[in-house]
Amino acid sequence: MRSCACMAALRQARMDFTSHMTLALEQAHAAAQRGEVPVGAVVTDPQGRVVAAEGNRTRELSDPTAHAEILAIRSACAALGSERLPGYHLWVTLEPCPMCAAAISAARIATLYYGAGDPRMGGVAHGARVFDHPQCHHRPIVYDGIAAAPSRDLLQHFFKARR
């Protein structure tokens with residue numbers, strides 16, 4: 001049984017939780033406006049302050065690694081002056097691919113929040129399941145399904161319009 005102090009702290013933590021998925025979705029919408037696959041990512045520091053917000057730019061930069069997650073991690077690392085982001089959180093509108101999951105692990109992201117699952121190209125709950133691999137050296141806490149419906153709808157509308 002939990003103590004009253006423990007329960008009060010848990011309630012306070014729940015009240016202090018702020019989702020940054022709205023900003024990630026804004027980045028995804030901006031990516032779609034640029035003709036990019038609409039995926040957005042936000043990095044927050046341990047206090048919940050936004051450090052970086054990016055959308056996909058693979059076409060714009062002619063760079064297959066310019067996924068929203070990679071760009072946001074790069075930006076946050078540059079701002080911090082470090083190659084690692086321990087205690088930081090990443091918010092992404094779509095389940096990260098294996099490349100992005102590996103970058104999340106390498107950056108030591110503490111918590112990953114993502115929206116829509118990606119059965120075809122995902123690397124967290126689907127496909128490669130990077131964080132479940134025995135050679136994965138850092139496993140973030142993962143919360144999926146955060147704003148999954150608007151994330152999925154944005155992607156579906158984007159691809160439907162392109163067909």
Side-chain angles (χ1 to χ4, degrees), residues 9-10 13-14 16-28 31 36-152 154-156 158-159:
L10 182 60
R14 286 184 189 148
D16 290 345
F17 178 80
T18 301
S19 174
H20 293 279
M21 196 57 80
T22 300
L23 180 55
L25 281 163
E26 289 173 12
Q27 292 296 318
E36 302 279 357
V37 174
V39 177
V42 175
V43 174
T44 58
D45 69 12
Q47 291 74 40
R49 295 178 296 237
V50 173
V51 177
E54 297 286 347
N56 276 354
R57 292 184 184 274
T58 59
R59 291 184 173 156
E60 176 185 337
L61 299 176
S62 300
D63 180 354
T65 70
H67 290 197
E69 302 94 310
I70 300 287
L71 296 174
I73 289 169
R74 286 178 183 162
S75 180
C77 285
L80 189 63
S82 175
E83 75 280 9
R84 295 192 178 138
L85 301 167
Y88 283 63
H89 312 283
L90 179 64
W91 303 79
V92 188
T93 58
L94 181 65
E95 176 184 350
C97 71
M99 174 185 70
C100 292
I104 291 164
S105 178
R108 309 296 199 280
I109 296 288
T111 311
L112 167 65
Y113 301 91
Y114 72 85
D118 189 354
R120 192 173 71 81
M121 295 295 294
V124 177
H126 299 93
R129 300 178 61 102
V130 171
F131 304 138
D132 291 342
H133 195 279
Q135 291 178 318
C136 181
H137 61 278
H138 172 77
R139 293 164 181 83
I141 298 167
V142 177
Y143 296 97
D144 64 354
I146 310 292
S151 297
R152 185 175 41 255
L154 177 59
L155 285 157
Q156 287 174 343
F158 176 81
F159 285 113

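Sequential numbering from 1 along the given sequence is applied to the chain's residues.
- Taking the side chain to side chain donor-acceptor pair (under 3.5 Å) definition, one finds that Asp144 meets it with nothing, sequence neighbours left out.
- Every side-chain contact (heavy atoms from CB on, under 4.5 Å) that Val37 has, sequence neighbours left out, goes to Val39, Asn56, Leu155, Phe158, Phe159.
- Closest approach of Pro46 and Pro86 over heavy atoms only: CG-O, 4.4 Å.
- Counting only residues at least two apart or in different chains, salt bridge (Lys or Arg N to Asp or Glu O under 4.0 Å) contacts with residues 48-57 comprise Asp45-Arg49, Glu54-Arg57, Arg57-Glu60.
- Counting heavy atoms from C-beta on, the side chains of Val124 and Leu112 come closer than 4.5 Å.
- Heavy-atom minimum distance, Gly40 versus Ala28: N-CB, 3.5 Å.
- Not counting sequence neighbours, the partners of His20 by the ring-ring contact (aromatic ring centres under 6.0 Å, His included) test are Trp91.
- Summarising the geometry of Val130 relative to Cys136, their closest heavy-atom pair is O-CB, 3.4 Å, with the distance given to 0.1 Å.
- Screening Leu80, Ile104, Thr44, Val51 against Leu85 for a side chain to side chain contact (heavy atoms under 4.5 Å, CB included) leaves a single residue, Leu80.
- In this structure, Glu26 has no salt bridge (Lys or Arg N to Asp or Glu O under 4.0 Å) partners at least two apart in sequence or on a different chain.
- Within the structure, side chain to side chain donor-acceptor pair (under 3.5 Å) pairs that include any residue of residues 68-82 comprise Thr65-Arg74 (at least two apart or interchain).
- Listed by first and then second residue, the side chain to side chain donor-acceptor pair (under 3.5 Å) pairs that reach into residues 105-117 are His89-Thr111, Arg108-His137, sequence neighbours excluded.
- For the pair Ala31 and Pro38, the tightest heavy-atom approach, listed with the atom from each and the gap, is CB-CA, 4.2 Å.
- With sequence neighbours left out, Pro150 forms a side-chain contact (heavy atoms from CB on, under 4.5 Å) with Leu25, Ala147.
- With sequence neighbours left out, the side-chain contact (heavy atoms from CB on, under 4.5 Å) criterion links Ala78 to no other residue.
- In terms of heavy-atom proximity, Ile70 sits nearest to Ala103 at CD1-CB, 3.4 Å.
- Listed by chain and residue number, Asp118 satisfy the side-chain contact (heavy atoms from CB on, under 4.5 Å) test with Arg120 (two or more places apart in sequence, or in another chain).
- Identified under the side chain to side chain donor-acceptor pair (under 3.5 Å) test for residues 121-130, with sequence neighbours left out: Glu95-His126, Arg129-Asp132.
- Judged by distance alone, the side chain of Arg139 and the main-chain N or O of Phe131 form a donor-acceptor pair under 3.5 Å.
- Residues forming a side chain to side chain donor-acceptor pair (under 3.5 Å) with Gln135 (at least two apart in sequence, or on another chain): none.
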